[in-house]
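Values in this document were obtained by computation on a predicted structure and should not be read as measured data.
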Amino acid sequence: MPTTERPVRAWLRDAAGGFLIVLVAASLASGILLWRLQDTVAVATQGQSRDLAASVGRSLGRQFVRAGQLGIPLDEIPAVDRSLDGTLAHVPQLTAITLTDADGKILGAARRARAGAPTSVSTELAIGERRIGTLEVAAAPPDLRGSHAALLTGMLLLILPLSLLGGLCAALYGTHLRRHRRRLGEMLRTAPDDIVPPVPGPRPDPQDILGQAWHGLQTMAARTAQRRADLAHQAESLLAVDFDGSIRPRLAALGIPLSGPAPQVRIVPPDRIRRLSLRLRLTLAIALGFALLIGSLSGLQALREHLLRQQAANLGQEDQGALWKQFLSSQTLTIAGELQDASARLEASGADADIPRAWNTSLDRLALIDPNRQVYPLKGGGADTALLDAGTLDEVLAGRAAQGLRNLDDDRTLLVAARPVRLQGGTWALVGARALDTALQQVDPDGLDEQYSVHFLNPKGRLVASTGRALWTRLGLAPPVQHAQYRTLEDGDRILLLTATPVASVSGSAGGLLLTLKDVTALMKPSLTLGRLTLLLAAVLAILGLALIHRIIWRSFRPLQDSLQTLDELSGPQDGADGRSGGRRDEIEQLGRSIAAFRHKTLQLARDQAQQVRIRRRQEAVMAGELRALADSMDATSRQEVQALIDRQGPEGEDGDGLRRLAEVMGDLRHRLVDQHRRLSDMVIELRDALVTKTKLAGLQQELQIASAVQLSILPRSMPDDPRMELGCRILPARDVGGDFYDFYMLDEHHLGFVIADVSGKGIPAALFMAISRTLLKSTARFVRQPAACVQRLNALLAAENEQMLFVTLFYATLDLRTGRLDYVNAGHHAPWLIDARGALSAVPLTHGIAVGIEEEIAYEQKTLHLRPGDTLYLYTDGITEAFNPEGEVFGEDRLAGLLRAQPADVGLDVLTDAVIADVRAFENGTDPTDDVTSLCLRYHG
């Protein structure tokens with residue numbers, strides 16, 4: 001095989017070995033973690049499925065037992081299958097629910113297919129000592145196959161790069177060691193006489209293994225030269241007393257040079273630095289890799305367990321929500337049953353019977369509420385106790401039943417149910433309530449269940465109901481009422497699972513927080529013990545693996561150790577400068593025993609000179625690079641000129657020519673930068689002025705937005721609460737502020753005044769004139785009832801000091817709600833449309849009169865129109881009829897009349913106004929509005 005292929009083969013062998021070692025170690029650690037995680041998840045999911053099935057069984061069983069207490073046999077309960085199907089659909093984790101009687105006959109069943117082995121729990125149904133049936137509920141654990149696949153994929157994506165990195169590191173270390181071993185062998189094969197002369201050129205790096213070997217060989221050669229010099233000195237001493245000439249031939253025969261003086265050698269002792277051995281450092285590096293791998297896998301496991309806990313929390317909170325709904329439905333159904341009996345007795349007593357003052361019932365509270373919201377307590381509480389909020393009471397008085405949770409101001413929480421009752425010719429509300437604490441005790445009537453307890457906090461965070469108050473007091477919990485929770489607590493030697501779910505009240509607002517505390521010590525203790533054993537086993541296996549790797553590295557370094565021993569035998573005992581032994585050395589330091597003999601002065605000077613030239617050139621290159629970077633920040637012309645100055649270079653003369661050229665470039669660059677700074681300063685001043693202008697425009701825009709909000713706020717928002725008529729209004733300003741307005745107000749209990757107006761112009765002047773006109777009209781109408789006289793008075797006030805020549809067109813009318821008589825004045829405004837009860841459309845006749853605010857002495861004509869029940873008036877401004885599309889066409893009166901004629905006679909007023917505005921916007925097709933759009937609809941009911 002060619003010699004060029006051997007290093008490649010060795011490199012591949014080392015890479016494969018490192019890859020396999022890291023892969024096996026990572027796979028072993030991953031297998032242990034997955035095995036532990038799988039067992040923990042399996043136990044947790046099975047326990048959760050069993051608890052879910054038991055909880056659903058208890059909740060459904062209470063309903064069937066309640067039916068049996070009322071005397072209804074299980075086989076006569078209506079729609080049993082539908083109730084079981086509804087429960088199965090509401091809880092996705094359930095797989096089957098079966099109801100059987102005492103003889104084992106199936107009365108109802110609901111099933112669905114689901115992956116995973118289900119866990120069945122049977123609940124015995126009994127009334128007293130009599131068993132009436134059995135409810136069997138089966139629940140399957142959640143499907144985690146996708147999660148396991150994602151976890152395995154993540155581990156493979158982490159293990160493979162780590163294994164490749166380990167193989168690469170092993171290959172690089174092997175190549176490094178082989179190269180040093182080869183160089184050491186070459187040095188050992190070199191004759192000692194060739195080692196003594198100093199090697200020309202720069203010294204190798206003392207931190208590199210080759211440099212340390214070089215220093216060690218130089219130390220050995222220097223010691224040999226020192227011994228030869230000592231022998232030469234002794235020979236010269238002998239020759240000084242050689243009177244007969246017999247000593248010189250003997251010294252020559254021994255090979256001792258006698259022609260020149262003894263060489264002068266200076267011994268430079270090597271630095272003694274204590275360091276760890278190379279084998280131990282490699283072992284520590286691999287140990288660090290193992291620690292990183294185990295840490296990464298532990299992080300993945302922690303992330304996986306966090307995701308599983310989050311999934312378990314979601315399932316637990318869904319299960320708790322479902323159980324709360326079952327409990328609330330069961331309790332309110334009982335209250336509703338008693339309300340049904342009470343309402344039947346009340347309605348049977350007669351419409352004119354007196355309201356009873358007391359009532360015999362099992363409920364904690366019972367009350368009647370008349371249509372005027374007067375409360376008649378029948379049992380418990382006073383007349384000022386609000387068992388229902390205003391919105392829920394309105395729904396009940398409107399004929400709809402209500403049931404749910406209710407928090408009172410005295411920190412009491414009730415389960416309430418309400419239904420409408422016909423009494424004394426009207427609709428009354430019959431409300432019944434039961435204390436939540438009393439109802440919650442049915443979960444654990446005897447208070448003997450130490451494994452499971454239920455607690456309820458009101459929105460203020462106070463405990464109002466509990467099946468284990470002693471446990472709650474001992475734990476001292478204060479959870480936030482608005483947030484759901486799912487976590488574990490420690491109570492002495494017990495581990496408790498806390499599940500908290502916010503619930504809503506009967507009005508849909510926050511009702512409180514439902515908490516359950518469950519003893520999961522038997523489930524969590526084995527998992528914790530197993531986790532500790534797994535960590536201990538992983539640590540033991542890691543230590544054994546590191547010991548094995550350290551043994552392999554120790555054996556791999558045996559040839560290097562033999563080479564070091566050979567070097568020690570060749571060099572002899574090594575002493576420091578003070579004659580003491582150097583202490584412990586590692587493999588690198590043993591190769592790093594070095595000497596430093598005097599180098600030839602000319603070589604040292606040449607090296608110093610070459611070093612100075614290199615430093616100067618490096619400085620020039622660094623300065624030129626910085627100047628180019630600085631030139632990049634200038635404009636294109638200056639940048640090109642500076643680059644040309646930097647790149648200009650003639651034949652190099654004396655030293656410092658490059659630095660002198662760079663100094664000239666810096667001087668030129670300084671002048672250019674000063675000029676550029678002056679231009680930038682001028683630009684900054686211009687930018688500051690532009691910023692001030694922009695700030696002023698932003699302030700003006702904000703003031704316009706505030707003016708728009710203030711303008712819309714002065715318009716009426718709430719409609720008069722009078723069944724004899726109905727109003728619907730819309731206004732859409734074309735700009736931030738506009739000049740259109742509408743208004744309506746009750747002049748007395750039988751007369752309604754309303755107006756729609758359009759001020760000339762747009763923007764802020766029109767908005768101010770609009771506010772003045774509306775205020776003057778409203779204040780005048782309180783004292784002047786006739787529309788003509790009122791508008792004439794308004795015209796005189798507006799035209800008195802109208803220097804801006806602004807005017808307003810308006811339609812003002814008063815409506816007698818008893819007779820339908822409409823007295824109106826049209827001051828230059830568009831004629832309203834009248835839609836009668838059959839849907840026929842006609843225009844309201846005009847009255848003579850121009851716009852208000854032009855001349856003071858103007859007489860306005862008043863006309864009368866009689867509205868019949870079902871008639872509708874549609875008033876509008878010219879922003880509707882004068883809207884333009886992109887082609888320049890106008891919307892027009894005819895299009896508006898056709899749109900109103902197409903609407904049903906009984907169309908809602910809001911629907912009518914929205915339909916007109918939507919048609920106008922569709923006709924504009926993106927064109928900016930030309931004027932404000934305002935409409936007012938009035939329907940007379942009689």
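Side-chain N or O atoms of Thr95 include one that pairs as donor or acceptor with a backbone N or O of Ala138 at under 3.5 Å. A donor-acceptor pair under 3.5 Å is formed between the side chain of Ser343 and the backbone N or O of Gln340.
Among residues two or more places apart in sequence or in another chain, the side chain to side chain contact (heavy atoms under 4.5 Å, CB included) test is passed with Asn458 by Asn407, Asp411, Thr413, Lys460, Arg462, Val464. Phe744 is linked by a ring-ring contact (aromatic ring centres under 6.0 Å, His included) to nothing, counting only residues two or more places apart in sequence or in another chain. Under the side chain to side chain donor-acceptor pair (under 3.5 Å) criterion, Thr427 pairs with Arg422, not counting sequence neighbours. The side chain to side chain contact (heavy atoms under 4.5 Å, CB included) search around Thr332 returns Leu328, Gln403, not counting sequence neighbours.
Counting all heavy atoms, side chain and backbone alike, Thr913 lies closest to Gly728 at CG2-O, 4.3 Å.
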Check step by step if side chain to side chain contact (heavy atoms under 4.5 Å, CB included) holds for Val454 and Phe327.
CA-CA 12 Å; Val454 183; Phe327 170 78; over 6 Å; no
One pair to check against side chain to side chain contact (heavy atoms under 4.5 Å, CB included): Leu515 and Thr499. What are the steps and the verdict?
CA-CA 6 Å; Leu515 300 100; Thr499 305; over 6 Å; no
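Counting only residues at least two apart or in different chains, salt bridge (charged side-chain N to carboxylate O under 4.0 Å, His left out) contacts with residues 390-406 comprise Arg373-Asp394. Applying the side-chain hydrogen bond (donor to acceptor under 3.5 Å, both in side chains) test to pairs two or more places apart or on separate chains, those with a residue in residues 470-479 are Arg474-Asp491.
Classification of Arg724 and Asp722 as a salt-bridged pair holds, one side-chain N sitting under 4.0 Å from a carboxylate O. Look at Arg434 and Asp364 and you find no salt bridge, because none of the NZ, NE, NH1 or NH2 atoms lies under 4.0 Å from a carboxylate O.
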